Amino acid sequence: MDKRDPHYSRKQAILAEVPEIRKLYGVDLRTQYYAYTIVALQLAAAYAVRDSWSGALALGFTIGPYLDAAVLCLIHEAAHFLVFSSPAANRLLGIFANTVLMIPLSEIFRQHHGMHHKNLGDEVLDVDVPSDFEIRVVGCSPLRKLIWLTFNMIILPARSLCKLPVHTDRFLVLNWVVSLGFGALTLFFSRQSFLYLLLSFLQSQGFHPANARQVQRHLFDGDDAKRIVDGPTTYSYYGWANLLTLNVGYHVEHHDFSHIPWTSLPKLRKLAGPKWYPEDKAYHQRGVWDVLNFVINPDISLADFAH
């Protein structure tokens, strides 16, 4: 974190009041076992539907997106080097978890995600902010927002590549070879398994309850009680769904202290207290309504991601 980060001043003020928060910095090796478990479950599900088109469709629209959402959160944790002390080991874990997505994301995400933290809301440097073209085309139209969200997992990587350069090294090449190679092998082994993994990937950050986290993290939902007027537009969620997604709901906490692993974010909130992490500014649920509200609410547009 540096002074370009809009959360920088919050971090300094919190540390001045509660300096013992620094003791939470570090890594958590246990996260690797979560990664192994989630990948094993996704592979088991893909194998289970190898001869069933109906099974591939059913699981691809239900369980699969939640498993891939967990994979994306694991890649995020590894990108911050919060699993192992070794940067290389974190990158390899991210590549491993990325395998079941079949599309190489982890290394490009690692390179570009730091800019999201340092330049939150910047239309050029924050790859999570939709482009001017997207904002003009989609606007507030429910139908166009639905289409945009449905194909979000294709649009987001494409936007990232258009906005920022990519440094090529052996880890990036390995990421591409392993992910695309696994996808090709899956297609050869079973078209049904391939369909299941593809649907899981698209829906994990598409028009699906598993993607409620995206429309909560940095997007005002129209509830005036949660409106932020004197700080960065970042929101938290403290409910049970954090168990699957590595406490990604503690998003204000993560942006304030990105060197604290997911397992310690609840401790951070407890130490800092409600002055810095008030309950009334957080989302109280996470599910289909959040995604649906983004689509049908005429007062929400893609431009709100940039605020």
Side-chain angles (χ1 to χ4, degrees), residues 31-32 34-50 56 59-60 63-84 86-114 116 127-128 150-206 208 210-211 214 245-246 248:
T31 305
Q32 65 179 303
Y34 193 96
Y36 306 148
T37 301
I38 293 297
V39 170
L41 288 173
Q42 193 64 308
L43 291 174
Y47 183 77
V49 302
R50 66 193 182 281
L59 294 187
I63 296 173
Y66 287 103
L67 292 174
D68 270 5
V71 168
L72 291 169
C73 293
L74 285 161
I75 290 173
H76 171 263
E77 196 76 1
H80 281 283
F81 297 161
L82 295 174
V83 184
F84 302 104
S86 163
N90 283 284
R91 294 174 73 175
L92 289 173
L93 183 69
I95 292 170
F96 165 77
N98 191 163
T99 302
V100 293
L101 302 181
M102 302 192 298
I103 301 296
L105 299 176
S106 66
E107 278 299 301
I108 294 176
F109 175 81
R110 183 193 62 79
Q111 292 185 31
H112 291 175
H113 184 63
H116 163 67
V127 296
D128 282 1
T150 299
F151 295 100
N152 187 41
M153 276 306 287
I154 297 173
I155 295 170
L156 180 54
R159 182 199 310 138
S160 184
L161 291 172
C162 290
K163 281 191 174 186
L164 297 176
V166 175
H167 171 69
T168 302
D169 62 11
R170 64 184 185 279
F171 288 99
L172 181 74
V173 173
L174 180 64
N175 186 198
W176 280 71
V177 170
V178 170
S179 297
L180 295 178
F182 175 78
L185 286 174
T186 302
L187 181 61
F188 177 78
F189 167 74
S190 166
R191 289 178 294 170
Q192 293 93 327
S193 295
F194 182 86
L195 176 63
Y196 163 72
L197 291 174
L198 181 63
L199 288 173
S200 299
F201 171 72
L202 292 175
Q203 297 302 312
S204 66
Q205 199 148 315
H208 191 280
N211 189 32
Q214 182 194 16
T245 54
L246 278 69
V248 73

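Since the structure is predicted, the reported quantities are computational estimates derived from the model, not experimental observations.
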Going through the distances and angles, do Arg110 and His80 end up as a side-chain contact (heavy atoms from CB on, under 4.5 Å)? CA-CA 8 Å; Arg110 183 193 62 79; His80 281 283; over 6 Å; no

Verdict with supporting geometry, Leu82 and Thr31, side-chain contact (heavy atoms from CB on, under 4.5 Å): CA-CA 9 Å; Leu82 295 174; Thr31 305; over 6 Å; no

With ring-ring contact (aromatic ring centres under 6.0 Å, His included) as the test, would you mind laying out the steps for Phe188 and Phe194 before giving the verdict? CA-CA 9 Å; Phe188 177 78; Phe194 182 86; over 10 Å; no

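Among residues two or more places apart in sequence or in another chain, the side-chain contact (heavy atoms from CB on, under 4.5 Å) test is passed with Ala48 by none. Legend: residues meeting side-chain contact (heavy atoms from CB on, under 4.5 Å) with Leu174, ordered by chain and number and at least two apart, are Leu92, Ile95, Val178. Listed by chain and residue number, Val71, Ala97, Asn98, Leu101, Ser106, Phe109 satisfy the side-chain contact (heavy atoms from CB on, under 4.5 Å) test with Ile75 (two or more places apart in sequence, or in another chain). By the side-chain contact (heavy atoms from CB on, under 4.5 Å) test, Val173 is found to be paired with Thr168, Val177, residues two or more places apart in sequence or in another chain being considered. By the side-chain hydrogen bond (donor to acceptor under 3.5 Å, both in side chains) test, Arg91 is found to be paired with Glu107, Asp169, residues two or more places apart in sequence or in another chain being considered.
How far CD1 of Ile108 is from NE2 of His167: 12.5 Å, rounded to the nearest 0.5 Å. Interatomic distance, CE of Met102 versus CG of Leu185, reported as 11.5 Å (0.5 Å rounding). In this structure, Leu202 CG and Leu197 CG are separated by 11.0 Å, a value rounded to the nearest 0.5 Å. Atoms CD1 and CZ, on Ile103 and Phe182 in that order, are 12.0 Å from each other to the nearest 0.5 Å. Going from atom CG of Asn211 over to atom CD of Gln203 covers 9.0 Å, rounded to the nearest 0.5 Å. Distance check: Leu199 CG to Leu59 CG gives 10.5 Å after rounding to the nearest 0.5 Å.
Looking at His208, its side chain does come within 3.5 Å of a backbone N or O of Ala210 through a donor-acceptor pair. A distance-only check finds a donor-acceptor pair linking the side chain of His112 to the backbone of Pro165 [under 3.5 Å]. One N or O on the side chain of Ser179 and one on the backbone of Asn175 form a donor-acceptor pair closer than 3.5 Å. With hydrogens and angles ignored, the 3.5 Å screen pairs a side-chain donor or acceptor of Ser190 with a backbone N or O of Arg50. Put simply, the side chain of Glu77 never gets that close to the backbone of Val83: no donor and acceptor are under 3.5 Å apart.
Nearest heavy atom pair, residue Ser204 against residue Phe201, reads OG-O, 2.7 Å. Scanning all heavy atoms of the two residues, the minimum distance from Met153 to Leu105 falls at CE-CD1, 3.7 Å. Taking all atoms of both residues into account, the shortest heavy-atom contact from Gly64 to Ser200 is CA-OG, 3.2 Å. Closest non-hydrogen pair, Leu93 versus Ala35, comes out as CD1-CB, 3.9 Å.
Under a cut-off of 6.0 angstrom, the local environment of CZ in Phe151 is sparse, with at most 12 non-hydrogen atoms contributed by other residues, nucleotides or ligands.
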In a table with atom names and distances, give each donor-acceptor pair under 3.5 Å that connects a side chain of residues 38-47 to protein atoms at least two apart or in another chain.
from	atom 1	to	atom 2	distance (Å)
Gln42	OE1	Tyr196	OH	2.3
Gln42	NE2	Asp68	OD1	2.8

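Looking at heavy atoms from C-beta onward, Tyr34 lies in side-chain contact with Leu74 at the 4.5 angstrom threshold. In this structure, the side chains of Leu195 and Arg191 stay at 4.5 Å or more apart for every pair of heavy atoms.
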